[in-house]
Each structure stands twice: as C-alpha cells, then as structure tokens.
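Step one of this worksheet: look at the structure below.
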Amino acid sequence: MRAGDALRQAATCIDRLDAEVLLAHLLGIGRMALLLAQDRDIDAAAFNALVDRRAAGEPVAYITGKREFWSLDLTVTPDVLIPRPDSETLIEAALAAFAGSAPASILDLGTGSGALLLAALDCWPAAFGVGVDRSAAAARVARGNALRHGIPAAFIVGDWATALDARFDLVLANPPYVEAHADLARDVRDHEPASALFAGDDGLDAYRVLVPALPALIADGGVALLEIGATQADAVADLAAQAGLTARLHRDLANHSRCLALRRA
C-alpha cells in the first residue's frame, strides 16, 4: 500500500494529523518528509496496527513513545503524564522571573518525564537541577531523557519535598489538579496515570500538601512556579497566602489561568 492511500484510509477512523504522526513514526521520518513521500510503499499491516491502537483511545504519544516539549524530544511511557504545550507557560514565567539573571539551582517536584526540569536546564545549562517523583518508574523515564539530551540532573524518588533539605532559586511543579469526577477525554482518563491527574473532589489536595512546604524550599530571592487548573487561581493563591507567600498569575496562550508565581513575602 502507498503512503497516501494509507493515510486516506486511516483518516476515516482517526484524526488525519494523528495518522500522519503515526505513519511518520513507522517510517522513521519527519512529518514534513512524509508529506513529500505519498507514493512510498509502506507496511500496511504494521501501520494498521498503530491506527487500531489510536482508534481504541491510546494516546499518540504512548504509541510513538515520544513527545516534544520546549523543543526537546522526550521519551514518554504510560508511567508519566504526557507533557502539554500549556505547561510551557511555566518556563516562560521562569524566563520572565530571571530576566537578566539566572537561577543557580532548580527543583522540579513531581517531575514525571522531566519535561519542566530539562526545559529549564536547557535555558540555564549552568544550573544544578533536581527532579523528585514518588514513582520510581517515572524517575527512570526522566533520567533517561536527561541522559539522551546530555543534560546533567539528579533524580530522587520521594514524596514531594520530604526527601529534601535545601533551598532552590527556582522551584517548578505541575501537580495533579483534576477533580476526581471530572469529565475527561477517554484517552486521558483511560491511559494517563491517575496519580498524576486527580487530586480529590475539588482538585486541590496536592496543593494543600505542596504549598505549605514551599517556604522552606525557596531560596532568598527565589520563586516557585506552580501549574494550576483554569479555575483554581484564587483557591491556590489563598493557600499561598496562608503559607506566607505572595502570588502572581500567568496565563497561557489561550488566556486561561495556568501558572502561579509564588515568592516568600
């Protein structure tokens, strides 16, 4: 079967873009190169197997085993949350916070694939970086991503900040913040790790543990950047105030509340 015919057939049951990404992955070429190779013969059975997995709801990133974040090509597995473009808001907020300077130390709590930490270290390669995750499998994925990109970083298996006794110039965290009964897309609810998504009935359970620990982790002049859900800015800012932290909101490209920058008052 030719590539163009295979794509047209696949587009009857999955999104065309997903089909292109899957076929490019199968052929080991970029998506743009695929668009110029419509007459190329392909292994139809192998491609159809990938299409069937996507049609059954499996995320493309888990099928291909990779996802781009902040221009870094990252390995992802079902042990980690798939990095989203919205989370790049935290890196943009970090660049704004350290305009004209650089953090010497960076901590990523709940590191998952290592996306946030590795993106930050890509911006500031001289910084010392530590990623913490309660999942040993997730820490292995993050460590592998760091090694693949040649980015020095340490990864610790632990529960939030309990494994640490140090202060950092930049603290990053994308904790679980989805309400337990939220109506999520099938590919998210059925395939991504629940422990990285759900945080109690109101989605705030992780913040109730994480935010009070931040004052002891933020160095003088440092900042913590937390990803939040679109409706959670006020609630998380209240938790920050109770912990003696000031909060500044950053919005994503869709103008949704996405990140709170927290500093010691």
Side-chain angles (χ1 to χ4, degrees), residues 68-72 74 81 83-133 142 146 149 151-155 160-161 164-177 206-207 209-230 232-265:
E68 183 177 296
F69 184 85
W70 200 257
S71 79
L72 297 172
L74 301 177
L81 197 70
R84 268 73 166 174
D86 289 342
S87 297
E88 293 185 355
T89 305
L90 275 71
I91 305 302
E92 293 166 355
L95 289 169
F98 289 94
S101 61
S105 55
I106 303 171
L107 171 65
D108 181 16
L109 295 172
T111 194
S113 66
L116 288 174
L117 179 62
L118 298 180
L121 290 172
D122 187 57
C123 295
W124 296 291
F128 170 69
V130 178
V132 178
D133 203 289
H149 285 283
I151 299 176
F155 294 95
W160 295 126
L164 298 168
D165 182 19
R167 293 182 183 270
F168 296 82
D169 298 320
L170 173 60
V171 179
L172 301 164
N174 179 13
Y177 57 75
Y207 298 116
V209 175
L210 177 58
V211 172
L214 291 177
L217 295 173
I218 303 172
D220 292 342
V223 61
L225 300 172
L226 303 187
E227 181 161 336
I228 57 172
Q232 295 174 327
D234 290 343
V236 179
D238 286 344
L239 291 172
Q242 294 170 30
L245 299 168
T246 63
R248 178 183 178 187
L249 177 65
H250 292 263
R251 296 182 179 274
D252 60 25
L253 291 177
N255 202 36
H256 296 142
S257 299
R258 186 58 58 193
C259 168
L260 282 181
L262 306 180
R263 297 180 183 272
R264 300 212 311 267

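As the structure is a computational prediction, the values presented were derived from the model and not from experiment.
Closest of all the heavy-atom pairs between L260 and A233 is CD1-O, 3.8 Å. Listed here is the closest heavy atom pair of L262 and A240: CD2-CB, 3.8 Å. The two atoms that bring L226 and Y207 nearest to each other are CD1-CD2, 4.2 Å, heavy atoms only. Smallest separation of non-hydrogen atoms from S87 and N174: OG-ND2, 3.6 Å. Here the shortest heavy-atom pairing between I228 and C259 reads CG1-N, 3.9 Å. The two residues I91 and C123 make their nearest non-hydrogen contact at CG2-SG, 4.0 Å.
Distance CD/E227 to CZ/R258: 5.5 Å, rounded to 0.5 Å. In this structure, NE2 in H149 is found 7.0 Å from CG in L118, a value given to the nearest 0.5 Å. A distance of 13.0 Å separates CG of D86 from CZ of R251, quoted to the nearest 0.5 Å. The distance from atom CG of L90 to atom NE2 of H250, rounded to the nearest 0.5 Å, is 9.0 Å.
Around the CG atom of D238, the shell of radius 6.0 Å holds more than 12 heavy atoms that belong to other residues, nucleotides or ligands. The local environment of CG in L95 is crowded, with over 12 non-hydrogen atoms from other residues, nucleotides or ligands closer than 6.0 Å. With a 6.0 Å radius and a threshold of 12 heavy atoms from other residues, nucleotides or ligands, R248 has its CZ atom at or below the threshold.
Every residue was checked against the salt bridge (charged side-chain N to carboxylate O under 4.0 Å, His left out) condition with R167, not counting sequence neighbours, and none meets it.
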N/O donor to acceptor pairs below 3.5 angstrom from side-chain atoms of residues 99-117, sequence neighbours left out:
| unit_1 | atom_1 | unit_2 | atom_2 | d |
| --- | --- | --- | --- | --- |
| S101 | OG | F98 | O | 3.3 |
| S105 | OG | D169 | N | 3.1 |
| D108 | OD2 | T111 | OG1 | 2.8 |
| D108 | OD2 | L117 | N | 3.4 |
| S113 | OG | A115 | N | 3.4 |

Check residues 212-219 and write down every donor-acceptor pair under 3.5 Å in which the side-chain atom is one partner and the other belongs to a residue at least two apart or another chain.
none

Start with the C-alpha gap between D252 and E92, add the side-chain angles, then the distance that decides, and say whether side chain to side chain contact (heavy atoms under 4.5 Å, CB included) holds.
CA-CA 10 Å; D252 60 25; E92 293 166 355; over 6 Å; no
